[in-house]
Amino acid sequence: MASLAHPTPSLPSLLPSLSPKTPSAIKLPFPSRSSPSQFLGAQISHHISPSSVPSSSSFKFTVSSKVSKGQAPPAFNLKDQDGRNVSLSKFKGKPVVVYFYPADETPGCTKQACAFRDSYEKFKKAGAQVVGISGDDSSSHKAFAKKYRLPFTLLSDEGNKVRKEWGVPSDLFGALPGRQTYVLDKNGIVQLVYNNQFQPEKHIDETLKLLQTL
């Protein structure tokens, strides 16, 4: 039998497509940082690779606070709606609900304040004081409390010093002051830290639930 005239090709010549691509040839589907709208859309719809960011169902759950459960928060001395100085130590010996909110007269903050007002008897029955804190001045607090008949203390944290010391996180990528509530027991130790910007009334439900266990 006659031998084949064509030589057998070598293995490398048969596999040209298997040569590895360099990392620079790989294109990743990340949005451009130059476009805020693309960046925001990626954050909300979770287009970013899970390996590149902490696992979370919503950005608001990734916030962390300097003051945590089991700690004694930094002391403060702030003016109330009547211009009187009020210190945190004043509430020692009884539970106290300290809630930080963005601003007087905004829709969510008004709803939250009125929800605390409507449940105030329940807080009194639990032996707890309610204290609201925002960056508004005393005159703003006084008008806010009078308009909505708020029976509890509002404190003026101008410059947001106490907010920063307690580590209250901001929302909407830092554009909005955070809405965060703390429940301190009679010894001044934090037993609950609750953050929820967009459901202000939930703060009342969660704090009352916790107070029933103290």
Side-chain angles (χ1 to χ4, degrees), residues 56 58-92 94-117 123 128-145 147-148 150-185 187-207 210-211:
S56 173
S58 171
F59 72 86
K60 75 177 182 180
F61 295 118
T62 65
V63 297
S64 60
S65 174
K66 292 179 183 177
V67 176
S68 304
K69 181 179 177 181
Q71 295 180 340
F76 59 67
N77 193 336
L78 300 172
K79 291 190 180 299
D80 68 7
Q81 61 262 50
D82 295 314
R84 297 172 298 196
N85 287 323
V86 176
S87 63
L88 180 60
S89 59
K90 172 187 176 181
F91 305 103
K92 202 85 174 276
K94 62 186 72 174
V96 58
V97 177
V98 178
Y99 81 94
F100 290 84
Y101 64 98
D104 295 337
E105 292 289 356
T106 57
C109 297
T110 300
K111 186 180 293 187
Q112 183 180 21
C114 291
F116 270 116
R117 177 200 66 197
F123 286 99
Q129 297 284 327
V130 176
V131 178
I133 300 179
S134 80
D136 300 294
D137 61 25
S138 294
S139 61
S140 173
H141 282 337
K142 188 175 183 68
F144 187 50
K147 182 176 180 179
Y148 296 101
L150 306 180
F152 49 85
T153 300
L154 296 178
L155 298 179
S156 176
D157 181 25
E158 295 188 68
N160 294 314
K161 180 182 177 183
V162 175
R163 178 182 286 272
K164 293 171 186 174
E165 289 177 346
W166 284 46
V168 179
S170 299
D171 287 314
L172 295 179
F173 305 102
L176 186 66
R179 189 186 307 281
Q180 186 146 294
T181 296
Y182 301 82
V183 177
L184 282 61
D185 63 21
N187 297 313
I189 303 301
V190 174
Q191 297 300 327
L192 175 72
V193 180
Y194 183 72
N195 184 289
N196 192 327
Q197 179 69 260
F198 304 108
Q199 293 178 294
E201 293 125 319
K202 287 283 289 180
H203 289 253
I204 287 75
D205 297 335
E206 295 298 321
T207 52
L210 187 281
L211 285 169

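For the numbers below, each heavy atom of this structure counts, side chains included, while hydrogens, waters and symmetry mates do not.
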Minimum heavy-atom distance between [X] and [Y], given as atom pair plus value:
{"X": "G178", "Y": "V168", "result": "O-CG1, 4.1 Å"}
{"X": "L150", "Y": "C114", "result": "CD2-N, 4.4 Å"}
{"X": "E105", "Y": "K147", "result": "OE2-CD, 3.3 Å"}
{"X": "G159", "Y": "K164", "result": "O-NZ, 3.7 Å"}
{"X": "P177", "Y": "P102", "result": "O-CG, 3.3 Å"}
{"X": "I204", "Y": "A115", "result": "CD1-CB, 3.6 Å"}

Judged by atom type as modelled, is there a donor-acceptor pair below 3.5 Å linking the side chain of [X] to the main-chain atoms of [Y]?
{"X": "Q129", "Y": "V98", "answer": "no"}
{"X": "N160", "Y": "R163", "answer": "no"}
{"X": "H141", "Y": "D80", "answer": "no"}
{"X": "S138", "Y": "Q81", "answer": "no"}
{"X": "D136", "Y": "D104", "answer": "yes"}

Any side-chain heavy-atom pair from [X] and [Y] closer than 4.5 angstrom?
{"X": "V162", "Y": "F100", "answer": "yes"}
{"X": "I189", "Y": "Q191", "answer": "yes"}
{"X": "F91", "Y": "L184", "answer": "no"}
{"X": "R179", "Y": "N196", "answer": "no"}
{"X": "T181", "Y": "Q112", "answer": "yes"}
{"X": "S134", "Y": "L154", "answer": "no"}
{"X": "L210", "Y": "E206", "answer": "no"}
{"X": "Y194", "Y": "T207", "answer": "no"}

[X] [atom1] to [Y] [atom2] distance, which is reported to the nearest 0.5 Å:
{"X": "N195", "Y": "K202", "atom1": "CG", "atom2": "NZ", "result": "13.0 Å"}
{"X": "Q180", "Y": "I133", "atom1": "CD", "atom2": "CD1", "result": "12.0 Å"}
{"X": "T153", "Y": "K90", "atom1": "OG1", "atom2": "NZ", "result": "5.5 Å"}
{"X": "N77", "Y": "N85", "atom1": "CG", "atom2": "CG", "result": "4.5 Å"}
{"X": "K79", "Y": "R84", "atom1": "NZ", "atom2": "CZ", "result": "11.0 Å"}

Checklist entry - Passes side-chain contact (heavy atoms from CB on, under 4.5 Å), H203 versus Y99? Steps please. => result CA-CA 9 Å; H203 289 253; Y99 81 94; 5.5 Å; no
Checklist entry - Only one of V86, V96, L78 clears side-chain contact (heavy atoms from CB on, under 4.5 Å) with V131; which? => result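 When V86, V96, L78 are each tested with V131, the side-chain contact (heavy atoms from CB on, under 4.5 Å) holds only for V96.
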Checklist entry - Using 30° and 60° as the class limits, which term best fits the ring planes of F152 and F116: parallel, tilted or perpendicular? => result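 Ring orientation, 0 to 90° scale: perpendicular.
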Checklist entry - Using 30° and 60° as the class limits, which term best fits the ring planes of W166 and F76: parallel, tilted or perpendicular? => result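 Because their plane-to-plane angle lies in the 30° to 60° range, the rings of W166 and F76 count as tilted.
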